[in-house]
Amino acid sequence: MQQNVTQKIIARHLAAGEMVPGQEIALRIDQTLTQDSTGTMAYLQFEAMGIDRVRTRRSVAYIDHNTLQAGFENADDHKYIQTVAHKHGIYCSKPGNGICHQVHLERFGVPGWTLLGSDSHTPTCGGIGMLAIGAGGLDVAVAMGGGAYYLPMPKVVGVTLTGARPPGVAAKDIILEVLRRLSVKGGVGKVIEYMGPGVATLSVPERATITNMCAELGATSSIFPSDEVTCAFLRAQGREADFSPLEADAGCTYDEALTIDLDALEPLAACPHMPDNVATLAEVGPIRVDQVCIGSCTNASYLDMMRTAVILRGRTVHPHVSLVIAPGSKQVLTMLAENGALADMIDAGARILEAACGFCIGMGQAPCSNAVSVRTINRNFYARSGTESAQVYLASCETAAATALTGVLTDPRTLDVDLAVAMPERFVINDNLIIPPATDGGGEVVRGPNIKPFPVNVELPNLVRGEVLLKMEDNITTDHIMPSNAKLLPFRSNVPYLAEYCLTPVDQEFPARAKASGGGFLVAGHNYGQGSSREHAALAPLQLGIRGVVAKSFARIHQANLLNSGILPLTFVDEADYDRIGQGDALVLAHARSQIAGGDTLILRNDTADFEFPAKLALSPRLRDIVLAGGLLNHTRLSSAGGEGMGNSI
Ligand code: MIC
Ligand code: SF4
C-alpha cells in the first residue's frame, strides 16, 4: 500500500496497535531530548524507575532554557542534569551550546528516525525528516528506559507548497499562513506533512521553522521529506552518513489537504495574544514598536541571523527601539563572529544575548509597560513576555530587523536590501560543549537543596467530590496554568513552591482557594492546556488537590500529562452543560472506578445546581489502568510489584 512519509516512519516504529486514526498505537523511540526546565523532573522520574543506562539509540540533555543563574537554584539544576546524564548514558549539551531544537537539528537529527522530547517544539526536527514528538517528562523518561511511546494514531494533513516565495517573504510567513487557516486547535490529533514543488525551495532550517510551529497548531508533529536539500545540510554538518532519502509514495493518500501558493504569500504577523491571530503587515499597519527580539528555536538559524545582519549592516536601530538578538546555537554564533555578521549587528546597535531560549520564555527582556514588542518566537500568549500590559507580535526575522530600523512595523520588501544568503558548504563544527556520557558507570549525581520531592497521586477513590475552584474560557495555555518567568523558572524542580503560582494569571486567589477547600475540580472551554509540554501544569494542580478538569476539549500533551498524574481530563458531551456550571458549584463523580471501568461516558452530578450531566473519558485499556492506579508512576509501581516488569509502558 502506498504510504506518506508519516505513515512510513510510524510503520517502521510500530510496537503495538493498528494504524487507524484515533486508535492508540505504541511507537519505538530512537532518540530523546530533554531541556533543563522539564529535564530535572524527567530525570528524577527516570531515576525513580531504577534503570542504569538509557536504552535509546541516543539521548541528549540540553541546558538552554534557564541560563540566568540569578540564584543557586538554577545552577544546582544544571549540575544535577549534567551529572545524572553522565551516569545514565546521556549526552549533555552545556549552557552556551544553544537551544535544544536548533542543536539537535544541527548535530543529532536523523531522517526517518523517531525523536521524543520533553518540549512541545520537538517537531522542529521534522525539518530534517524525523518523526519528532513533544511529550511530558514522564513519557520521555519511560522512552529513555526503552519503553514505547503511546499516542492516538494521528491523521495526516498533506500541505502542498506550490511556487516559490518572493524575496522578503520568509518560511515564518508560510507557517503563519497555515496558522491563519487552521487555528491553534486545527492540528489536534494530526501530523502536518509538507510536499509539492515548493519544498525544494526551502533549506532544512527553513523547513524547521515551519515544523517548529506545528506546536502552535496543537498538532502531534509535522514533517518534510528527506531529499537532496536534507543531504546537503547533513553533508555541511559533516554528517552525510546519517542521510537516507524518505519520500511519500506516488499515489499515497492524506486525511486532509491544504495548498499554499508561495508566489502569492506576503509578510504576515500574529497579533496579540494568540499565534493564530494572523494578519498581513498591511492590515496591521505601521504601528509604533518599542522592542524587537530576534531568536528562539523558531528563527535563530544561520540563515535567519545572516538575513538579519544583512538588513542591519551599515544602519542604526531606531532610537525608541531596543533590539536584542540571541543566535540559536554556538555553531551559529561562531560563524557570525567569524564572517563579520556579528560586528554588523553590534555596530547597528543590537544587544547580543547568549545562544539560549532567553526572552522567549520570559527569562529577561520583559518589555516596558504597554510596550509593543515584535518577536521572531512562536508564542505570543498573554504575559509570556513577562509584562502583562505588553502587546507581542510574531513575525519573521526579516520583518523584525526592518522594524528595528524604522521603529514601526515594517514590510522588509520596502527596504532596498538583497536578502539572498547562501547556505554554507560546511558549517563550523566544534562539539566541545557536548559532554558524552561516562563509559565507566559515571560518578556521583549531585542534587542541590532546591530539588524537592514531586507529588504522586493516590489510587482513584470511588467517590470523587469537590468544588469547581475555577471556571475558565477557551484556549487557556500552560503559561496560564503554570507561568514561567525569571522568578519561577528556577523552581521547576520544586513543585510545592510552583503550586503557589498555579493559574494565578487567571485568578490570583486560586492557589489559596484550592488549598482552603482541600482540592476540587477545574472547568474550562476548548483547547485547555495548549502550549508547553511542561508537566508542571499537571503536577502543580495535583499538589493543590485538583482531581479532575471538565473542559470542552483538551490540548494533546496536557491531556496526556493530566492522565499521567492521575487527574481526570473529562470532556463535556453537551457543551451547553458548561454554561450550567458555576464557579463554586459542588461536583460529584460517584462510583468513579466502576464508571471508568464500564465505559467512555461518565455521569457527574452538580450538587449545587441539582442536575446530572454526562462527560467523556475515552481511554484505551492501558490508560484506564493508569487512571485507576492514580497515574503512570503508580501504575508502573503496581505492575512491577505484581511481577510484570515496569508496567505496560516499558
Ligand atoms: C515553551 O516554549 O513554552 C517551553 C518553555 O519550551 C516549554 C517547555 C517548558 O515549559 O519548560 C515547551 O514548549 O514545552
Ligand atoms: Fe526555548 Fe522558546 Fe523554543 Fe520553548 S519555544 S524551546 S522557550 S526557544
Side-chain angles (χ1 to χ4, degrees), residues 1-14 19-22 25 27 30 101 105 109-117 120-134 149 151-163 171 174-183 185-230 233 244-262 298 556:
M1 201 186 106
Q2 292 92 341
Q3 289 178 318
N4 54 46
V5 173
T6 308
Q7 289 165 340
K8 282 186 183 184
I9 301 184
I10 292 179
R12 285 182 206 162
H13 291 84
L14 198 65
M19 290 172 56
V20 177
I25 55 166
L27 281 185
D30 296 316
H101 309 303
L105 192 75
V110 179
W113 286 22
T114 53
L115 167 68
L116 194 72
S120 65
H121 291 101
T122 302
T124 310
C125 277
I128 205 167
M130 292 191 98
L131 186 65
I133 303 176
Y149 176 61
L151 76 165
M153 174 67 198
K155 288 184 175 172
V156 185
V157 182
V159 181
T160 306
L161 303 178
T162 62
I174 302 178
I175 185 62
L176 289 177
E177 173 63 14
V178 178
L179 270 153
R180 190 181 71 78
R181 296 209 207 165
L182 295 184
S183 91
K185 40 186 191 299
V188 176
K190 301 171 191 170
V191 172
I192 318 293
E193 180 172 320
Y194 291 86
M195 57 184 168
V199 165
T201 67
L202 295 163
S203 66
V204 165
E206 288 171 324
R207 296 174 183 186
T209 294
I210 295 171
T211 55
N212 171 279
M213 284 189 76
C214 83
E216 283 55 59
L217 292 163
T220 303
S221 190
S222 181
I223 193 163
F224 274 80
S226 170
D227 57 10
E228 279 307 305
V229 175
T230 322
F233 177 79
S244 61
L246 183 62
E247 298 206 355
D249 293 328
C252 70
T253 54
Y254 291 86
D255 298 293
E256 287 170 31
L258 204 74
T259 299
I260 296 183
D261 178 10
L262 301 183
T298 316
R556 177 186 67 90

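Remark: the backbone N or O of Thr160 is not paired with any side-chain donor or acceptor of Thr259 at under 3.5 angstrom. Judged by distance alone, with hydrogens and angles left aside, the side-chain atoms of Ser120 form no donor-acceptor pair with the main-chain N or O of Gly134 at under 3.5 Å. Judged by distance alone, with hydrogens and angles left aside, the side-chain atoms of Ser221 form a donor-acceptor pair with the main-chain N or O of Ala132 at under 3.5 Å. Under a 3.5 Å cut-off, the side chain of Lys8 and the backbone N or O of Gly112 do not form any donor-acceptor pair. With hydrogens and angles ignored, the 3.5 Å screen pairs a side-chain donor or acceptor of Glu193 with a backbone N or O of Val5. Using modelled atom types, no side-chain atom of Asn4 and backbone atom of Ala248 make a donor-acceptor pair closer than 3.5 Å.
Here the closest heavy-atom approach between residue Thr211 and residue Gly127 is recorded as OG1-N, 3.4 Å. Taking every heavy atom of both residues into account, Met213 and Ile175 meet most closely at CB-CG1, 3.4 Å. Across Ile192 and Ala219, no two heavy atoms sit closer than the pair CG1-CB, 3.9 Å. The minimum heavy-atom distance between Thr220 and Leu151, with the atom names listed, is CG2-CD1, 3.7 Å. When all heavy atoms of Pro205 and Leu105 are compared, the closest pair comes out as CA-CD2, 4.3 Å. Taking each heavy atom of Ile260 and Arg181 in turn, the nearest pair found is CG1-NH2, 3.7 Å.
Separating the CD atom in Gln7 from the OH atom in Tyr254 is a distance of 8.0 Å, to the nearest 0.5 Å. Note that OG1 of Thr230 and CD1 of Ile128 are 7.0 Å apart. Values are rounded to the nearest 0.5 Å. Remark: Leu161 CG to Met195 CE distance equals 9.0 Å, nearest 0.5 Å. Interatomic distance, CG of Asp249 versus CE of Met1, reported as 9.0 Å (0.5 Å rounding). Within the model, atoms CE of Met19 and CD1 of Ile25 stand 7.0 Å from one another, a figure rounded to the nearest 0.5 Å.
Counting only heavy atoms from C-beta outward, the side chains of Pro154 and Ile10 approach each other to under 4.5 Å. A 4.5 Å side-chain heavy-atom check between Asp30 and Val110 finds every atom pair outside the cut-off. Ile133 is listed as a side-chain neighbour of Arg556, based on a closest heavy-atom distance under 4.5 Å. The side-chain heavy atoms of Leu182 and Leu258, taken from C-beta on, include a pair separated by under 4.5 Å. Two residues are said to be in side-chain contact when any heavy atoms from C-beta on lie closer than 4.5 Å; Ile174 and Val159 fail this criterion. Side chains of Val229 and Arg207 form a contact here, defined as non-hydrogen atoms less than 4.5 Å apart. By the 4.5 Å heavy-atom criterion applied to side chains, Leu115 and Cys125 are counted as neighbours. Two residues are said to be in side-chain contact when any heavy atoms from C-beta on lie closer than 4.5 Å; Met153 and Val20 fail this criterion.
Using bins of under 30°, 30° to 60° and over 60° for the plane-to-plane angle, the ring pair Tyr194/Phe224 lands in the parallel bin.
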After noting the C-alpha distance and the side-chain angles of Thr6 and Leu131, does the key distance pass the side-chain contact (heavy atoms from CB on, under 4.5 Å) rule? CA-CA 7 Å; Thr6 308; Leu131 186 65; 4.3 Å; yes

Output, in order, the C-alpha distance, side-chain angles, deciding distance and verdict of side-chain contact (heavy atoms from CB on, under 4.5 Å) for Asp227 and Glu247. CA-CA 7 Å; Asp227 57 10; Glu247 298 206 355; 3.8 Å; yes

Does the pair Leu246 and Ile9 meet the rule for a side-chain contact (heavy atoms from CB on, under 4.5 Å), with working shown? CA-CA 9 Å; Leu246 183 62; Ile9 301 184; 3.6 Å; yes

Just do the side-chain contact (heavy atoms from CB on, under 4.5 Å) check on Thr122 and His101 with the steps written out, would you? CA-CA 6 Å; Thr122 302; His101 309 303; 3.9 Å; yes

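Between the side chains of Asn212 and Thr209, no donor N or O sits under 3.5 Å from an acceptor N or O.
Within a 6.0 Å radius of NZ in Lys155, no more than 12 heavy atoms belonging to other residues, nucleotides or ligands are found.
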